[in-house]
Amino acid sequence: MKRRNFIKNASLTGIGLAVTPTLTNCAEKEPSKNEKTVVTPKASLPLVIATWNVPNATAKAWEVLEANGSLLDALEQGCMIEEADVKNQSVGKGGRPDRDGNVTLDACIMNTKGDCGAVVAMENITHAISVARKVMEETPHVMLAGEGAENFAVSSGMKRENLLTEASKKEWEEWLVKAAYKPIINIENHDTIGMLAMDENGDLSGACTTSGLAYKMSGRVGDSPIIGSGLFVDNQVGAAVATGMGEEVVKTVGSFLVVELMRQGKSPQEACEEAIKRIVDKPNSNHENFQVAYIAVNKNGETGSYSIHKGFSMTTYQNDKNENVQSDYYVK
Ligand code: SD4
């Protein structure tokens, strides 16, 4: 394993720190002789964080970064793991369909320069994240929808596939029998994957991919492909990504809000908490009945996550350790 790099402008504060570089703003002053050196949490790089318990996805992204791959390759390949996993019924192939039985995918990606690409309500192509990346890199646009996105993917060499698996079809058919149009966001293990990564230079990018709300109305688009709502990256400040009831995230431009709060000095944790509070505090909020969560990272490599309900977790790959940790939450 090659040597970890630490955040660029980190400096060393004194004795014993030769092997434990510290974060930027904690290392400003020279310690006096008697002063005990305080070592604040160090952010070793690279760093990958993702919504929910997705250790295979974060491991893939980490592996790409460790091999000196680019941030976008890391994010794309990490997200592709979940898109290809038919057991994850909220992303890519095997995703739950809309109320008409069609699996429609939303995805977006954003790079260090603030460029972005997205696809919305795209059918028949497993790797929506790859199409989003191609939209960013190979077209003059930022977003392609529906058939246009699908045709663009095919013209770029991707193959059409039936994304509706037997398992998801069966569940949908059972739902049809109950015939209550009540989209419920899953607050358990698998969900939309939002992933943020920081490379050894301390540069940030992010990605998000989903099949959206199960049994949504045909044509419904959530927050996940909307830059500023489902994902936002400002390489000078930090990055954030959302999961949960997209309508509520869109109404508060959630991920942009988290990044702007970090710009104003809030930690990633505080910023996520404030963004959740904005949703919860709305006059007509019925937050007992839906779930939203954010994860975020700032330029110092500090991370945070917060959720309306219990059950959300964040996967972090850092320091050769792939960990899934339950997030703190609002509704006790
Ligand atoms: C959406 N935000 O389509 C997505 C779904 C999701 O956890 O994240 N579910 O609204």
Side-chain angles (χ1 to χ4, degrees), residues 49-54 57 79 82-83 85 87-92 94-99 102-110 118-123 128-129 132 143 145-146 149 163 168 171 181-196 206-232 240-258 272 275-276 279 286-287 289-296 305-315 324 326-327 329-330:
I49 62 174
T51 54
W52 303 102
N53 188 15
V54 288
C79 286
E82 293 302 312
E83 289 177 333
D85 180 359
K87 290 202 207 88
N88 185 339
Q89 290 178 287
S90 302
V91 179
R96 292 190 182 86
D98 65 14
R99 62 199 304 185
N102 301 312
V103 180
T104 66
L105 306 182
D106 295 338
C108 73
I109 196 159
M110 195 163 188
V119 291
V120 304
M122 183 182 68
E123 293 181 46
I129 197 64
M143 197 180 266
L163 304 184
S168 288
E171 282 185 21
Y181 179 59
K182 246 194 168 181
I184 307 276
I185 285 279
N186 165 20
I187 58 169
E188 280 129 33
N189 232 359
H190 284 293
D191 227 288
T192 293
I193 177 165
M195 186 182 272
L196 307 173
C208 186
T209 180
T210 187
S211 52
L213 201 53
Y215 319 136
K216 58 197 174 186
M217 288 175 71
S218 173
R220 179 265 188 191
V221 173
D223 61 311
S224 302
I226 314 273
I227 292 296
S229 291
L231 171 74
F232 196 68
V241 67
T243 173
M245 184 66 96
E247 283 72 5
E248 301 301 321
V249 176
V250 169
K251 287 178 204 168
T252 50
V253 200
S255 294
F256 182 72
L257 174 62
V258 172
C272 290
I276 290 292
I279 294 174
N286 67 340
H287 60 271
N289 299 320
F290 62 81
Q291 160 66 357
V292 172
Y294 293 102
I295 65 170
S305 69
Y306 199 64
S307 168
I308 297 181
H309 292 281
K310 187 175 177 178
F312 176 68
S313 62
M314 174 169 78
T315 307
N324 181 252
Q326 289 293 313
S327 301
Y329 53 94
Y330 183 87

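Start at 1 with the first residue, then count along the sequence. Owing to the predicted nature of the structure, the values given are computational and were not obtained by experimental measurement. Order of appearance sets the numbers: ligands from 1, and atoms from 1 within every ligand.
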Classify the contact between Leu213 and ligand 1 as side chain, backbone, both or neither, using a heavy-atom distance cut-off of under 4.0 Å.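 The part of Leu213 near ligand 1 is the backbone, not the side chain.
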What part of Glu248, side chain from CB on, backbone N/CA/C/O, both or neither, has a heavy atom under 4.0 Å from ligand 1?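 Neither part.
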As an exercise, identify every atom of ligand 1 less than 4.0 angstrom from a heavy atom of Ser224. 2 (N), 4 (C)
For residues 248-257, please give each side-chain donor-acceptor pair under 3.5 Å, one per line with the distance, not counting sequence neighbours.
unit_1	atom_1	unit_2	atom_2	d
Glu248	OE2	Lys251	NZ	3.1
Thr252	OG1	Glu248	O	3.0
Thr252	OG1	Val249	O	3.3
Ser255	OG	Ser229	O	2.6
Ser255	OG	Gly230	O	3.3
Ser255	OG	Leu231	N	3.4

Taken in chain and number order and not counting sequence neighbours, the residues that satisfy side chain to side chain contact (heavy atoms under 4.5 Å, CB included) with Tyr330 are Ile276, Val280, Asp281, His287, Tyr306
Specify the closest pair of heavy atoms between Glu123 and Val103, including all atoms of both residues, with the distance to one decimal. CG-O, 3.4 Å
Is the shortest N/O to N/O distance between [X] and ligand 1 below 3.5 Å?
| X | result |
| --- | --- |
| Thr210 | no |
| Glu247 | no |
| Gly212 | no |
| Trp52 | no |

Is Ser90 near ligand 1, meaning one of its heavy atoms is under 4.0 Å from it? no
Ligand 1 contact by Arg220, heavy-atom criterion under 4.0 angstrom: yes
If you define the side chain from C-beta out and look only at heavy atoms, does anything of Ile279 sit under 4.5 Å from Tyr294?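 They are in contact (side-chain heavy atoms under 4.5 Å apart), so the answer is yes.
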Are the side chains of Gln291 and Tyr329 in contact, using a 4.5 Å heavy-atom criterion? no
Name the one of Thr51, Asp223, Thr192 that satisfies side-chain hydrogen bond (donor to acceptor under 3.5 Å, both in side chains) with Thr210?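 The side-chain hydrogen bond (donor to acceptor under 3.5 Å, both in side chains) with Thr210 is passed solely by Thr192 among Thr51, Asp223, Thr192.
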